[in-house]
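In each ligand, atom 1 is the first atom listed, and ligand 1 is the first ligand listed. Everything numeric in this text was worked out from a predicted model, so none of it was measured.
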Amino acid sequence: MANDTLTVTDNRTGTTYELPIENGAVRAIEFRQMRTDPDDFGLKVYDPSFMNTASCISRVTYIDGDKGILEYRGYPIEELAEKSTYLETAYLLVFGELPTRSQLANWVHEITFHTYIHENIKKFMDGFHHDAHPMGMLVSTVGALSTFYPESKEIFDEEERMTQIYRLIAKMPTIAAFSYRHSRGWPYAYPDNDLSFTGNLLNMLYKLSEPKYSPHPVLERALDVLFILHADHEQNCSSNAMRAVGSSHVDPYSAVAAAAAALYGPLHGGANEAVLRMLSEIGSVDHIPEFIKRFKAGEGRLMGFGHRVYKNYDPRASVIKRLAYQVFDVTGRNPMLDIALELEKIALEDDYFVERKLYPNVDFYSGIIYQSMGFPVEMFPVLFAIPRVAGWIAQWYEMLHDPEQKIARPRQLYLGEPKRQYVPLGQRGQIDAA
Ligand SMILES: CC(C)(COP(=O)(O)OP(=O)(O)OC[C@H]1O[C@@H](n2cnc3c(N)ncnc32)[C@H](O)[C@@H]1OP(=O)(O)O)[C@@H](O)C(=O)NCCC(=O)NCCS
């Protein structure tokens with residue numbers, strides 16, 4: 001049987017090293033022993049954007065991008081989307097096992113009882129400009145929660161930590177809904193703790209003068225399924241931000257604000273908005289061949305297609321596509337769907353997309369569903385952040401328990417100027433004097 005090692009010869013010195021391979025990886029620190037002389041720092045590995053670097057050992061989420069597999073704690077996403085609820089899935093992500101009946105009841109109770117926010121947070125939110133982007137409001141307000149709960153700094157106190165976990169999962173929908181209502185100029189609607197997690201979110205978003213809001217059960221469940229699908233995606237940009245910022249042992253509200261800020265970027269949480277823009281630009285099924293030609297010529301990209309990890313159909317996209325029909329039975333068919341379906345059909349038969357393994361990703365259909373449910377595009381990243389907080393917490397919780405994790409502090413390859421002497425202002429030439 002072959003050794004699980006990697007033999008490396010440093011041709012600068014002729015020395016050969018044998019590095020252990022564990023779990024399909026070699027430890028980067030092993031390269032440090034490869035020096036040209038005793039003063040040499042040792043060899044580093046260069047990997048911008050972590051293209052091939054495992055930053056942690058994780059047991060939360062598994063993805064096989066070639067096969068189109070996504071599992072939370074070993075459970076296939078399709079099965080969770082069909083049988084679980086968002087709150088049960090959040091428990092699974094954070095603690096590693098599906099809850100028993102009493103564990104689930106306690107978890108749901110605690111989260112339901114932390115949905116209210118301090119009145120001063122509401123006043124603080126009033127201070128945002130009338131057309132403030134809801135995601136900008138969410139990022140800042142979730143960070144501000146740390147000032148309301150200073151005990152959240154006690155991140156190694158298990159009881160305190162649990163309280164902050166309940167609060168984070170519970171208050172994200174409230175802050176999200178208040179951000180939305182602020183941007184519409186509507187009065188805030190308080191949480192209704194008789195409703196489910198997503199039923200209450202719909203209540204806080206859409207309740208007007210009715211004494212009690214009743215969410216449509218199909219839309220309530222559809223949102224819950226969308227939340228399950230978005231709850232975690234292993235070491236993506238925002239989870240990496242959560243771990244990196246959390247590794248300084250800051251309180252979880254500040255770390256979640258950093259993660260949410262990462263999600264705000266158009267390359268991460270904003271792609272479904274781009275899909276909708278593209279679909280309206282295409283405008284009708286007849287224009288698709290012309291647009292496909294343009295995408296192939298490198299004039300823009302077919303948004304919602306392709307993924308850094310998935311080189312197969314994104315399993316979340318299949319679930320969302322089925323979900324779309326259920327939502328449209330209630331809301332009426334979104335005309336964008338016909339364009340999306342035809343676009344997908346043509347792209348999946350086209351050599352350009354086939355050769356590059358470009359398949360629909362999670363964002364291809366989610367924007368159409370959100371739009372049909374009445375959400376404006378500015379709310380799309382917010383609707384991503386609400387469930388993703390479960391994943392961020394799970395990643396953060398795991399990191400805090402991992403004895404190998406220290407403060408995240410990458411190395412760099414310095415290629416700037418070598419040491420030089422300060423030049424007084426009067427002796428720096430006249431380049432910009434003209
Ligand atoms: C997601 C994405 C950024 C992944 O990028 P990546 O893994 O770095 O892939 P690359 O940018 O290296 O693309 C590989 C090839 O496929 C092409 N390609 C990738 N996505 C494409 C798309 N959506 N439309 C057209 N061509 C695409 C690239 O032009 C490149 O072609 P080339 O080899 O001829 O140069 C990319 O597929 C993309 O921009 N998709 C659209 C945006 C989107 O939906 N984002 C949401 C992701 S969840």
Show every ring-ring contact (aromatic ring centres under 6.0 Å, His included) that has at least one partner inside residues 43-82, sequence neighbours left out. none
Enumerate the salt bridge (Lys or Arg N to Asp or Glu O under 4.0 Å) contacts for residues 238-248, please, sequence neighbours excluded, ordered by first and then second residue. Arg243-Glu398
Ligand 1: which residues have a non-hydrogen atom closer than 4.0 Å? Ala271, Arg301, Leu302, Met303, Gly304, Phe305, Gly306, His307, Arg308, Lys311, Tyr352, Arg356, Leu358, Asn361, Asp363
Looking at Arg32, is its backbone amide N or carbonyl O close enough to the side chain of Lys44 to form a donor-acceptor pair, meaning the two atoms are under 3.5 Å apart? no
Just wondering, are more than 12 heavy atoms of other shown residues or ligands nearer than 6.0 Å to CG in Asn23? no
Pairs involving residues 53-73, ordered by first then second residue, that meet salt bridge (Lys or Arg N to Asp or Glu O under 4.0 Å) (sequence neighbours left out): Asp64-Lys67
Test: Glu158 and Arg161 ion pair at under 4.0 Å: yes
